[in-house]
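Okay, so here's the structure we're looking at.
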Amino acid sequence: MTILTPSAESLGARLLRFWLALFRLSWPVVLNRAGLVLMGVVSVVMVGRYDTGALAGFALGNAVVMPLLVAGIGCLVGVIAVTAREHGGGGAGTAEVALRGLHWSVAVGVAGSLAALFAGPILGLIGQEPALVSAGARVAVFLAPGVLLHLVFVAASFWLEGTGRTRPGLVAMAGANVVNLGLSWILIGGRLGAPEMGAAGAALATTLARAVMIVGFIGWLLRLPEFAPFRGRFRLWGPGGWAAGVEMRRIGVAGGASYFLETMAFATMAQAAGLLGETPLAAYSILHNIETTVFMVALGLSVGTAVRIGQAAGAGDRPAAGFAGFAGASAAIALAAVIGIVLFAAAPSVVGFYSSDPTLIARAAPIMAILALSMTFDAGQVAFGQATRALGDGWGTTLCYVGAFWGVMVPLGLGLAFWTPLAESGLFIGTAAGCIAAAGLLGLRFRHLLTRV
């Protein structure tokens, strides 16, 4: 008779239970984050089918705005970290965290929207062709108000997710995607009597969809019972004023710097693709959009993992926090690897979904092999990055990202793109190397931070 050791049985059963609970918690977050990218996918696909040249302009404008949006999201990660720890420790002050987060999101969003208006000078300084500068700047102007709108939505979603309520944000994001699809169809090609706006129409559709989303979502949120004691009482920066949100902002500022530098690294790669030519830029834009979509799936699992870590840390349970971190990262990595294999097997069809241009399909499809490796380790780095922030880490995590993306990804990618015949393939090789470095550094950082729980 074969006897299984209790420890082996316990570990296997515990891992299975954790994964099942993680997917139950995370699937709305996964779809919510995927919904953010789906807006971009709709824009890229519809603009790409409208005109390849218009797609290049949209990609450049989006490459300026996205670092600002993502940096803003980073500035809000303290909301979910503080909320999860407060919730895990049995605290009753999570509604106060939400209100502080909403005030903070408005401040960050206004700054991001104003910065997006300077896309034209930024693209000109990079050295893009004048026609692309003009097209990209127009796209950025229409996207700019959406930065503020989306960040307010993110702050509200982060608070709900930190308390384990992950579905409301998904419902709001699904509605926004329906609106975005309909408005894009109307505005890009000039249907139903609307002006033909091309890439700028896609940008305007996205911003209008975000406006519809935020009005309904925030109106619903503030009517929840938790906010009853605060109705009719306004205080700048939320309950307790500026001082009460110090930890939330400390984690958030470090997160914002990290997200900004990381996204700027990827934006540098996109701008480099633009310097390689219109077709390489279009190929890079399609492939990067695919990788970003998979990244958002991994991010959804990582957020669920961070909530479990934060709740365990708030209860002072170090073993549970460590188990949640490593088990959650393994789930994100495995899922991304499976998706990467499927995408590689169907590469021509996947690229063909974005564009019917045979030259573009032939150029982009083979790079899917590199992309499959890159997105696997990209999932690992985001899982461990969320894990370290769930434990309250700030600048240590930021330094890991700076070292991986600016010390490895950017120099290697640019060197291969411009000094070898690899062109945009070299950019993705650099991306894969940077993600491998980030996953390794952040995994070690998480292990170190566990000693403080």
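The figures here come from the full heavy-atom set of this structure, side chains too, leaving out hydrogens, waters and symmetry mates. The model shown is predicted, which means the values in this text are computed figures rather than measured ones.
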Dump the intermediate steps for side-chain contact (heavy atoms from CB on, under 4.5 Å) on Tyr284 and Met269, then the final yes or no. CA-CA 9 Å; Tyr284 180 88; Met269 307 292 261; 3.2 Å; yes
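No close placement of the Phe217 and Trp159 rings is indicated, their centers lying 6.0 Å or farther apart.
Residue Arg231 qualifies as enclosed at atom CZ: its count of foreign heavy atoms under 6.0 Å is above 12. The number of heavy-atom neighbours closer than 6.0 Å to CZ of Phe323, taken from other residues, nucleotides and ligands shown, is above 12. Taking a 6.0 Å sphere around CZ of Phe118, one finds it holds 12 or fewer heavy atoms contributed by other residues, nucleotides or ligands.
For Arg138, the salt bridge (charged side-chain N to carboxylate O under 4.0 Å, His left out) test picks out no residue, with sequence neighbours left out. Not counting sequence neighbours, Ser157 has no partner by the side chain to side chain donor-acceptor pair (under 3.5 Å) test. Listed by chain and number, the residues in a side chain to side chain donor-acceptor pair (under 3.5 Å) with Ser374 are Glu291 (sequence neighbours excluded). When the salt bridge (charged side-chain N to carboxylate O under 4.0 Å, His left out) test is applied to Glu424, the partners found at least two apart in sequence or on another chain are Arg363.
Between Phe266 and Phe405 the shortest side-chain heavy-atom distance falls below 4.5 Å. Using a 4.5 Å cut-off on side-chain heavy atoms (C-beta onward), Val351 and Met368 make contact.
Leu335 contributes atom CG, which lies 11.0 Å from atom CE of Met375 (distance to the nearest 0.5 angstrom). In this structure, OG1 in Thr166 is found 9.0 Å from CG in Asn32, a value given to the nearest 0.5 Å.
Listed by first and then second residue, the side-chain hydrogen bond (donor to acceptor under 3.5 Å, both in side chains) pairs involving residues 247-256 are Arg85-Glu247 (not counting sequence neighbours). Within the structure, the salt bridge (Lys or Arg N to Asp or Glu O under 4.0 Å) test picks out the following pairs touching residues 143-172 (sequence neighbours left out): Arg33-Glu161, Arg165-Glu226.
Taking the six-membered ring where the residue is Trp, Phe446 and Phe326 present perpendicular rings, their angle passing 60° and hence far from 30°. The aromatic rings of Trp242 and Trp237 lie perpendicular to each other, with more than 60° between the two planes, well past the 30° mark.
For the residue pair Thr451 and Arg318, no side-chain donor N or O sits within less than 3.5 Å of a side-chain acceptor on the partner. Side-chain polar atoms of Thr397 and Thr388 form a donor-acceptor pair below 3.5 angstrom.
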